[in-house]
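Notes for the one structure printed next.
By convention in this document, chain letters (A, B, ...) are assigned in the order of the sequence lines, proteins followed by strands, and residues within each chain are numbered from 1.
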Amino acid sequence: MQRIATFRKGGVHPSDRKALSSSCAIEQLPMPVELIVPLSQHLGAPATALKQKGDTVEIGEKIGKASGFISADIHSPATGTIKEVRKVTLANSVACDAYVITVDNDAEPKQWEYHPFRALDAQEILAIVQDMGVVGTGGATFPTHVKLMVPKGKSVDALVVNGVECEPYLTADHRLMLEKTEHILDGIMIVAQATKPKKIIIGVENNKPDAIQALRAAINMADYPITVEPLKVKYPQGDEKQLLKATIGREIPSGKLPIDVGAVVLNVGTAYAIFEAVVLRKPLIDRVVTVSGEAISTPKNLRVPIGTKVFDLLSFCNGTSRQPEKMISGGPMMGFAFFDDQTPVTKGTSGVLALDHQKEHDAPTTACISCGRCVAVCPMGLQPTKLNKLIEHARYEDAMKLNLMDCKECGCCAYTCPAHLPLVHAMKIGKKMGRK
Amino acid sequence: MDILNAFLIIGALGLLLGLGLAYAAKKFAVKKDEKAEDILAILPGANCGGCGFPGCSGYAAALSAGTAPNGLCPPGGAPVAAKVAKILGIEAEETAERMVAFVHCRGNHELSQLDYKYDGIEDCNAAALLFKGDNTCKYGCLHLGSCIKVCPTDAISRDEKGNIMVNPALCIGCKKCTLVCPTKVIRMIPARGSHAIACNSNDPGGKVRKICQVGCIGCKICENKFPESGCKVVNFLSEIDYANPMTQIVQAAKACPTKCIVEAK
């Protein structure tokens, strides 16, 4: 029997609940009447506003300029006028300025022209990717041009493309791999042109055999030097650290980046965005979002303009069938609970979930009995139980000494805790207070 | 004879070792700062950190070395400052007046609106990670009691309505609660102040009206009708100038439409 690649340390097996939406083809959401486009949709400094209240904007026009090295441009997802510039709070509690754009529905749809990409060199590709405001669409929204910039003296041994999608419920990447297979592969080849890796691997969790098959068939057709690696179904297989361990057997040291071990990791959604940016010169102005959860009437995978309000997404999916217990932006393990249906979709929103009343959720928290289950499942090899106690007693410095900063808030500890302790919440507050 | 030898040997040994010890005691003596010791004996010993030094001994050492001004000890106040001045041989200056903490919010889950149901860790800073807390008003008290946990004298408690209150009689002015509070709704007021503004919101009046029944709407009745009340509205929020004699504050409190000028006792 062939061994399926995976990471070794920790991990959990949450029920994946992907069947709700995995067979729903991606649908285009009709352009909403109003969009809210935040200026901070990426990791790093918020973009600087280029437009003001009352200005008209064209679809694809640059409306926010990157304001630092780690920052990204923002483009208008629609043709229309800027109604106002307002402060908004995004689902991840980031407060920033946002354009409220009234969409002009009579505007002619823009035709994106095809540009050949084979002759472009690394600098040109980076410039286009930067100009089109591409960021990682997996959730961390790291500006892609920074990621693709290989520092001097370092070389890329492996380009690892992340098609794992290990978060329960989410099927956006899965559908993208099935429906836009060739485009994703072209996007990967563009990245390969820019970073010159020795090998290219696409990691896909083994619960998506159709995606693995589709990718392999397309690779054979196009004769690309790409291998598809089926990975064991285990959360958090799709985290870049775990993915690198599983695919190329390398571990990223604490506080380092994938490039330090000679790897570039990229989401399939980002590869698709790169394809659109380089080949169609289309900025990142829309993305695929999974709208799912037990409380959603008709779960769907939707292609939506950035800035669409969650309200519009829900109404297109026939609303909620019952009062949801919790609304989550992203996946249930690492996503952010939010309450306002006027919250906009950003470049990093992979899903919008309306979860039903959960029994587990209602269970009262009890005292930690030091059973050590959280230690066993922590993929980073931390001791959540000890960290939690230190944070509870405000001993943030001691927690930092136990590598609290390596915690990536994947949620394995809280998921497995028999006392239902909010461990990730504790880690988050520990990090915040510890940084002070 | 043998018995005498034993006496002599032990006696000589004792003398020798005794001299050695006496010499060591002089030679390796740890110099004690007697002034600091005396000051430490006078300081209240709460180790609250209100002076900005690590505990009472830290402040005592700094006083003795002359690197810290007298009168920084909030729990000790004027009497302690006078005694310290005597030891240091300086004039007891005008000490800073006694300040106490005050929670500038009387909103609670009945009177003010909530954005969502918070069921995370019982800690204000933990709640503040999520949209700056569950209150729709982002300036108000989160009622999770992080200040209660850090108060060294148990001066802060929750009343029957769920509001967090500071007992000014017990407050020693160490400011620990003001540092831990994520919304900065706890600020220091002079202990002699009879009234305080029970609101911290800089939101415009219309918005405050919608989300809280007891918030300051910045109507300026206190400032315009009762100029001697000491109230002044800045950024839609009334503030009391405690340097003012505040002769009309009781009338102003009565006239306040949202009753957010409250007694500070």
Below 4.5 Å from any heavy atom of chain B, which atoms of A:Lys432 appear? Answer side chain, backbone, both or neither. side chain
Look only at the side chain of B:Ser201 and the backbone of B:Tyr139, and say whether a donor-acceptor pair between them is shorter than 3.5 Å. no
For A:Phe338, is it the side chain, the backbone, both, or neither that has a heavy atom closer than 4.5 Å to a heavy atom of chain B? both
Mark yes when over 12 heavy atoms from residues, nucleotides or ligands other than B:Lys175 sit less than 6.0 Å from its NZ; otherwise mark no. no
Under 3.5 Å, side-chain donor or acceptor atoms of residues 365-375 of chain A against the rest of the protein: list the pairs with distances, not counting sequence neighbours.
residue, atom, partner, partner atom, Å
A:Ser370, OG, A:Lys389, NZ, 2.9

Where does A:Ala337 contact chain B at under 4.5 Å (heavy atoms): side chain, backbone, both or neither? backbone
Any A:Pro344 side-chain heavy atom under 4.5 Å of A:Leu90 side chain: yes
